[in-house]
Amino acid sequence: AAGGAPPPAQPPLGRLLGCLRSPEALSRTGRRADGTVDFAALHGAVTAAVYDEGRFRMEHAVAVMGALSDLLDAAPEPRSLTPPLGDGSRPDLEGPGTGVPAQAHEPGATPGAGACPGQGEYRWILPALVAALPVLRGAFPRDSRGVCVLPHQHPMHRRELTKQGLAQEMRMVNVTLYCDQCRMEIGGEDFLVAYRCQEKCDTDYCESCHDELQRHMQSFSGADATKRWQWSLVTVDALAHHLLAAPMLVR
């Protein structure tokens with residue numbers, strides 16, 4: 001607004017990428033005097049680098065993607081997720097081996113108030129996700145309902161089958177196929193057309209959903225678009241793994 005304070009200057013791309021490449025540097029980036037992170041400022045800095053007056057700049061996005069990939073490579077290996085106990089009971093959420101001190105809930109202690117040792121090693125995770133958001137925006141194709149869609153990881157083979165033939169193929173007396181996209185039954189009383197995974201991983205699409213997915217993927221078939229959604233998929237999965245493997249008080 002006229003007469004108001006000018007918007008904060010955004011850091012040069014090189015300095016921003018340097019912060020994004022290091023868990024230690026990113027955990028200190030944008031921290032206020034009270035120790036909290038100014039997520040809006042971090043998001044704004046990356047957005048300004050990736051978008052130029054609303055136009056997506058792939059070359060800058062590739063630089064940010066590369067920096068965040070380096071960050072994940074440099075980050076400590078996440079702890080294994082705690083497996084469920086055989087007797088159905090809940091595992092201990094504090095004490096030895098959990099990364100959460102038992103004294104955190106002693107009288108006078110405040111749960112989550114910095115009592116968890118090693119908490120600093122997780123401070124980079126949320127800033128990394130915030131920094132990734134401008135690249136993630138619009139990275140995936142969407143169907144007619146606005147839901148993000150992705151192709152199955154294996155080739156899908158078109159099959160024309162009778163219900164009896166399908167049952168014999170799957171060695172079952174009676175079988176009904178459901179589309180893994182729309183969740184509706186595939187086929188009619190006796191005959192069906194389905195797209196089935198060639199690697200036999202029990203994934204099936206009806207003809208309508210398969211054709212719609214192919215149409216949406218055509219607009220994301222270029223090398224840049226493919227690189228972007230593949231990176232987005234891997235990065236979100238890796239960040240989620242780090243976050244879920246963190247001790248409960250950190251989360």
Side-chain angles (χ1 to χ4, degrees), residues 46-47 49-69 72 128-241 243-244:
V46 180
T47 300
V50 174
Y51 290 88
D52 181 12
E53 296 182 355
R55 182 177 62 89
F56 184 76
R57 301 188 63 176
M58 187 62 191
E59 67 274 18
H60 287 186
V62 168
V64 171
M65 289 156 60
L68 288 173
S69 294
L72 288 168
L129 180 57
V130 170
L133 288 177
V135 180
L136 297 175
R137 190 174 77 191
F140 299 109
R142 296 177 181 270
D143 63 14
S144 56
R145 298 165 295 176
V147 178
C148 292
V149 292
L150 285 174
H152 183 60
Q153 59 182 325
H154 302 134
M156 302 293 285
H157 181 56
R158 189 178 191 272
R159 301 294 307 276
E160 297 182 2
L161 296 166
T162 62
K163 287 289 184 74
Q164 182 179 2
L166 177 64
Q168 292 175 348
E169 181 179 298
M170 300 183 71
R171 298 180 180 180
M172 300 174 67
V173 176
N174 190 19
V175 61
T176 299
L177 280 187
Y178 289 90
C179 176
D180 288 293
Q181 194 79 358
C182 67
R183 307 298 181 184
M184 301 296 290
E185 181 179 347
I186 300 176
E189 291 292 328
D190 301 313
F191 186 77
L192 60 90
V193 176
Y195 284 82
R196 311 208 69 202
C197 175
Q198 289 189 3
E199 300 296 326
K200 298 182 180 179
C201 64
D202 197 26
T203 298
D204 305 286
Y205 291 159
C206 67
E207 192 169 24
S208 176
C209 285
H210 178 270
D211 291 347
E212 182 184 8
L213 179 60
Q214 293 302 112
R215 288 195 301 272
H216 293 305
M217 290 306 302
Q218 284 178 0
S219 60
F220 282 75
S221 59
D224 287 347
T226 300
K227 178 189 299 184
R228 188 178 170 197
W229 70 254
Q230 289 180 342
W231 175 89
S232 299
L233 195 65
V234 171
T235 300
V236 170
D237 183 71
L239 289 173
H241 191 183
L243 188 60
L244 290 173

(request) Test side-chain contact (heavy atoms from CB on, under 4.5 Å) on V62 and D224 and set out the steps. (result) CA-CA 9 Å; V62 168; D224 287 347; 5.7 Å; no
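- Here the shortest heavy-atom pairing between M217 and W229 reads CE-NE1, 3.9 Å.
- Side chain of D204 to main chain of R196: no donor-acceptor pair is present (N/O by atom type, distance under 3.5 Å, no hydrogens or angles).
- No side-chain heavy atom of Y195 sits less than 4.5 Å from a side-chain heavy atom of D180.
- Within the 3.5 Å criterion, the main-chain N or O of A49 finds a donor-acceptor partner in the side chain of H60.
- In this structure, the side chains of M156 and T203 come closer than 4.5 Å at one or more pairs of heavy atoms.
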(message) Checking R228 against F56 for the side-chain contact (heavy atoms from CB on, under 4.5 Å) test, could you report, in this order, the C-alpha distance in whole Å, the side-chain angles of both residues, the deciding distance, and whether it holds?
(response) CA-CA 12 Å; R228 188 178 170 197; F56 184 76; 3.5 Å; yes
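- You'll find the side chain of R183 stays beyond 4.5 Å of the side chain of Y178, heavy atoms only.
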(request) Determine, stepwise, if the pair H152 / Y205 fulfils side-chain contact (heavy atoms from CB on, under 4.5 Å). (result) CA-CA 10 Å; H152 183 60; Y205 291 159; 3.8 Å; yes
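- Looking at every heavy atom in both residues, C179 comes nearest to C182 through SG-N, 3.5 Å.
- Remark: Q230 CD to L233 CG distance equals 8.5 Å, nearest 0.5 Å.
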(message) I'd like to know whether F140 forms a side-chain contact (heavy atoms from CB on, under 4.5 Å) with V149, so could you lay out the CA-CA distance, the side-chain angles of the two residues, the decisive distance to 0.1 Å, and finally the verdict.
(response) CA-CA 7 Å; F140 299 109; V149 292; over 6 Å; no
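- Using a cutoff of 4.0 Å between basic side-chain nitrogens and carboxylate oxygens, E59 and R57 are scored as salt-bridged.
- Here CG of L239 is found 8.0 Å from CG of L68. Values are rounded to the nearest 0.5 Å.
- Within the model, atoms NE2 of H216 and CD of Q214 stand 11.0 Å from one another, a figure rounded to the nearest 0.5 Å.
- For P134 against V46, the heavy-atom pair with the smallest separation is CG-CG1, 3.8 Å.
- Side-chain contact between C206 and Q181: absent, with no pair of heavy atoms (C-beta onward) separated by less than 4.5 Å.
- A distance-only check finds no donor-acceptor pair linking the side chain of R158 to the backbone of V193 [under 3.5 Å].
- Contact record, A131 with V64: O-CG1, 4.3 Å, taken as the closest heavy-atom pair.
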